[in-house]
Protein chains: 2
Amino acid sequence: MGTTKTIHFTDEQNELATLAKAIGHPARIAIIQHLIKVNSCICGDIVNELPLAQPTVSQHLKELKNAGLIKGSFEGNAICYCLDENGFNKIKNFFQYVDKHLENQKNQCC
Amino acid sequence: MGTTKTIHFTDEQNELATLAKAIGHPARIAIIQHLIKVNSCICGDIVNELPLAQPTVSQHLKELKNAGLIKGSFEGNAICYCLDENGFNKIKNFFQYVDKHLENQKNQCC
DNA sequence: ATTTATTATCGTAATATTGCAATATAAACA
DNA sequence: TGTTTATATTGCAATATTACGATAATAAAT
């Protein structure tokens, strides 16, 4: 196998999983952190920042983009990337939901 | 390969990635949601809730536990699982950090 | 038009993940 | 002790992910 049984889960569960999975790699965390640090958008700089070859970085950027976590726009012959609030808002809601529960259940666990 | 180059990233980046990766599967999202729904702890019920075989569920529980997202305590011959705030607080902080940035940069992206 | 710079894609090797049947382990109880 | 119940582990097949060299594609600059 190796194949996730997405059919048996709800769209919401699959979407949240896809978002979390996209974030679940140190290189992609580093990309997100860098995009926050430099405030405005960047592109080939990300390749210089990361300890990975250009095709690998390109692949990671693609995954983040597919998940709706970053967006890129052409700027001359380069591409400017920045965070996409669409994806982040979706997970943010999930974590707020979890957090609300954790507050209520403090020290009441089994 | 298939091997993530964890050595080249910071401990924080690797830890956040591990947490997000653990959440990044619909079955594990479903487990988290169920633990929230039933409020107090449960165990074999999770197996009944999920459309997966017992060994598969056991594996998913193990991953969540290793990541510090759930904790289990023995209750007779059964095991009672519930959410572990340790793991969740760590990612929560990350998303708050991201969110703060997104608020500032609204519509100022490239 | 050619070169240069920037990013994406293809192909491929190595490793990781997912899922399950079979089996093991451990605790309660008869 | 033997049996039931609950969970974990092992072993394995199928698929996914990660990473990179080589190469393509695109657009600016000369």
Side-chain angles (χ1 to χ4, degrees), chain A residues 1-9 13-14 17-31 34-35 41-67 69-82 110, chain B residues 1-9 13-14 17-31 34-35 41-67 69-82 110:
Chain A
M1 322 223 147
T3 321
T4 298
K5 285 186 152 186
T6 51
I7 324 110
H8 302 301
F9 298 97
Q13 287 165 342
N14 283 316
T18 301
L19 285 163
K21 196 174 175 184
I23 299 174
H25 190 290
R28 298 195 287 265
I29 293 277
I31 290 171
H34 188 250
L35 284 175
C41 310
I42 296 249
C43 121
D45 290 344
I46 297 172
V47 174
N48 293 326
E49 278 292 318
L50 297 195
L52 296 169
Q54 180 267 321
T56 308
V57 173
S58 189
Q59 206 171 269
H60 284 306
L61 289 171
K62 193 179 173 184
E63 281 180 65
L64 287 169
K65 200 172 161 193
N66 286 342
L69 292 162
I70 65 173
K71 50 188 174 182
S73 58
F74 287 87
E75 198 155 288
N77 62 340
I79 293 178
C80 179
Y81 281 108
C82 62
C110 43
Chain B
M1 321 226 149
T3 321
T4 298
K5 285 185 152 186
T6 51
I7 324 110
H8 302 301
F9 298 97
Q13 287 165 343
N14 283 315
T18 300
L19 285 163
K21 196 176 176 184
I23 298 174
H25 190 290
R28 298 194 288 265
I29 293 277
I31 291 171
H34 188 251
L35 284 176
C41 311
I42 295 250
C43 118
D45 290 344
I46 296 171
V47 174
N48 294 325
E49 279 292 319
L50 297 194
L52 296 169
Q54 180 268 322
T56 310
V57 173
S58 188
Q59 205 172 269
H60 284 305
L61 289 171
K62 192 177 172 186
E63 281 181 65
L64 286 169
K65 200 172 159 194
N66 286 341
L69 292 163
I70 65 173
K71 50 189 172 182
S73 58
F74 288 86
E75 199 154 289
N77 61 341
I79 293 176
C80 179
Y81 282 109
C82 64
C110 41

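Letters A, B, ... mirror the listed sequences (proteins, then strands); counts begin at 1. Because the structure is a prediction, the values reported are computed rather than measured.
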Restricting to side-chain contact (heavy atoms from CB on, under 4.5 Å), what partner residues turn up for A/Thr3, sequence neighbours left out?
none
Protein-nucleotide distance (A/Ile23, atom CD1; D/dT18, atom P), rounded to Å
13 Å
Value in whole Å for how far the P atom of D/dA25 lies from NZ of A/Lys62
15 Å
Taking atom types as they are modelled, is there a donor-acceptor pair under 3.5 Å from the base of D/dT5 to the side chain of B/Asn77?
yes
What's the separation between atom CG in A/Leu69 and atom OH in A/Tyr81, rounded to the nearest 0.5 Å?
13.0 Å
Hey, could you give me each pair passing side chain to side chain donor-acceptor pair (under 3.5 Å) that has a residue in residues 51-63 of chain B? Not counting sequence neighbours.
B/Arg28-B/His60, B/Arg28-B/Glu63
Atom NE2 of B/His8 to atom P of D/dT18: distance rounded to whole Å?
15 Å
Just how far, in rounded Å, is C1' of C/dA28 from CD1 of B/Ile79?
14 Å
Go along nucleotides 16-22 of chain C 5' to 3' and tag each nucleotide: B for a protein heavy atom under 4.0 Å from its base, S when only backbone or sugar atoms are that close, - otherwise.
SBBBBBB
Side chain to side chain donor-acceptor pair (under 3.5 Å) with B/Thr4: which residues, sequence neighbours excluded?
A/His25
Establish, with yes or no, whether the OP1 or OP2 oxygen of C/dA8 is under 4.0 angstrom from a side-chain nitrogen or oxygen of A/Tyr81.
yes
Please list, chain by chain and in numerical order, all residues satisfying side-chain contact (heavy atoms from CB on, under 4.5 Å) with A/Lys21, sequence neighbours excluded.
none
Using whole Å, what does the distance between atom C1' of nucleotide C/dT6 and atom CD1 of A/Ile46 come to?
13 Å
Distance-only donor-acceptor hits, side chain of residues 41-50 of chain B, under 3.5 Å, sequence neighbours excluded:
none

